[in-house]
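Since the structure comes first, as C-alpha cells, the remarks are kept for the end.
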Amino acid sequence: KAGVTQTPRYLIKTRGQQVTLSCSPISGHRSVSWYQQTPGQGLQFLFEYFSETQRNKGNFPGRFSGRQFSNSRSEMNVSTLELGDSALYLCASRWTPGTYEQYFGPGTRLTVT
Amino acid sequence: KNEVEQSPQNLTAQEGEFITINCSYSVGISALHWLQQHPGGGIVSLFMLSSGKKKHGRLIATINIQEKHSSLHITASHPRDSAVYICAVATGNQFYFGTGTSLTVIP
C-alpha cells in the first residue's frame with residue numbers, strides 16, 4: 001500500500017505570491033491534517049479535513065486555507081506569502097478523525113524569498 | 001505558555017544505554033503521540049497512547065493520565081536511533097506539539 005505523498009517536495013516562491021501544496025493520503029484514509037514546521041516554532045497544527053469538510057483549525061491567519069476532494073486528496077493554499085511562511089509543510093492521513101494513528105508524508109519544503 | 005513540555009532538549013548517549021525522554025502536558029487529551037523525525041524531515045509515528053503502556057521492539061511508551069505525563073524509553077540504544085523525538089497531544093479539535101528531543105547515539 002502506497003504511503004502519503006506530497007507534491008511538490010521543494011518550492012521557492014517570492015513574497016506576495018501564492019502557493020498550493022498537494023497531499024494524497026493512504027488509500028482508504030479519509031482524514032487529512034496539515035502541519036507547519038519551522039525552526040523557531042516547531043510543529044504547529046494547521047487544519048484537518050474529513051469527508052471534504054474542515055473539521056478543525058489551528059491558530060493561523062486566513063491566508064492559510066485548504067480543501068479536500070471527494071477522493072480524499074487535499075490541497076492547502078497560502079496567499080500573499082511572507083518570509084515567515086518559509087517552512088516544511090507536512091500532511092498526515094488516518095482512517096477517520098479521533099484516536100487513530102496518523103501517517104505522515106515526506107513534506108514540502110517551501111522557501112519564500 | 002506551552003501546552004506540551006519535553007525534556008531533555010538534547011541527549012547524547014553511548015550505544016547500548018537505556019534512554020528516557022519525558023513529556024508533560026497541561027491540557028485534557030484524547031490521545032498522546034510519540035513521533036520520530038530523522039534528518040531530512042520524514043516523520044514516523046511511533047506510538048499513540050490514551051492510557052497505560054505500549055511496547056514495540058526496543059521502544060516503550062508509558063502515560064500517566066492523572067499526572068499528565070508520558071515517557072518514551074529506548075532500551076539498548078543504537079546509532080540508528082539518532083533522531084528527534086517529538087511528543088504530541090490531541091485534544092478534541094487541536095494538536096499540540098513539544099519542541100522535540102534531539103537524540104544522538106554514539107557507537
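To find a chain, count down the sequence lines: A is the first, B the second, and so on, and within it residues start at 1.
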Legend entry - Side chain, backbone, both or neither of B:S45 within contact of chain A (heavy atoms, under 4.5 Å): both
Name the region of [X], side chain, backbone, both or neither, that has any atom closer than 4.5 Å to a heavy atom of chain B.
| X | answer |
| --- | --- |
| A:Q37 | side chain |
| A:L90 | side chain |
| A:F47 | neither |

Legend entry - Check: B:H73 ring centre within less than 6.0 Å of B:F18 ring centre: yes
Legend entry - Euclidean distance, A:R63 CZ relative to A:D85 CG, rounded to 0.5 Å: 4.0 Å
Inset, instruction - Check step by step if side chain to side chain donor-acceptor pair (under 3.5 Å) holds for A:W34 and A:S74. - result: CA-CA 9 Å; A:W34 287 91; A:S74 178; 2.9 Å; yes
Please tabulate, one pair per line, all N/O donor-acceptor pairs under 3.5 Å involving side-chain atoms of residues 103-113 of chain A, not counting sequence neighbours.
unit_1, atom_1, unit_2, atom_2, d
A:T108, OG1, A:P8, O, 2.5
A:T113, OG1, A:K13, O, 3.4

